[in-house]
Amino acid sequence: MEPTVNIVSRLQWGAAAPKQQKTLKGSAQRVIIHHTALLNCKGLAECKDHLISIQRTHMNQRQFDDIGYNFLVEEDGTVYEGRGWGVVGAHTKGHNGDSLGIAFMGNFNNDTPSKVALLSVKQLLLSGVSRGFLHPQFALCGHRDLGTTECPGNNLYAALPQLRSTT
Ligand SMILES: [Zn+2]
């Protein structure tokens, strides 16, 4: 059975159109986990504002083509479409060409990731594998494994093994 995960589309959260898009070559080999390091948000209305502001910061201040991440996840497990599947992101300098960037919304130096958010990301990854967007033997790491950053925060970093396990 195809794993199901509800994804709030760009249209639903009011994303601006990307300046340009680059297609990932083949399926993504790696998943890189981030946190937004901002306050967390609750519910579509509030998260919409956060997403629009993140996208604006990424496009206007950091000169990215779009919101940097492929997907974002809220504390209640809702997944928001960032760049989406099969698109090169802008989230981990030097490592975007073969990876998928997923951000948990909140600051996980202090917050603890919720079980439902972890579960939803796991479902999202399974669905990516079954749809061919993600390599079945994908590697999963935290941003801090690949750069000088605290991202994705100590508590989320500690929870990453839960996303790697296949059960
Ligand atoms: Zn990061």
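Below, all heavy atoms of this structure are taken into account, side chains as well, without hydrogens, waters or symmetry copies. Counting starts at 1 for both ligands and their atoms, following the listed order. Every value quoted in this text rests on a predicted model; they were computed, and no experiment measured them.
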Verify the distance test for H34 against the Zn ion (ligand 1): any N/O/S atom under 2.8 Å, yes or no.
yes
Mind checking whether the Zn ion (ligand 1) has an N, O or S of H35 under 2.8 Å?
no
Could you go step by step and tell me if H95 and I32 meet the side-chain contact (heavy atoms from CB on, under 4.5 Å) rule?
CA-CA 9 Å; H95 298 275; I32 304 171; 4.1 Å; yes
Take Y69 and H34 through the test ring-ring contact (aromatic ring centres under 6.0 Å, His included) and record every step on the way to the result.
CA-CA 9 Å; Y69 313 110; H34 302 266; 5.5 Å; yes
Over 60° means perpendicular and under 30° means parallel, so tell me whether F133 and W85 are parallel, tilted or perpendicular.
parallel
For the Zn ion (ligand 1), the nearest N/O/S atom on H143 is atom ND1
Quick one about E150 and N109 (side-chain donor to acceptor, distance below 3.5 Å, no hydrogens or angles considered), yes or no?
yes
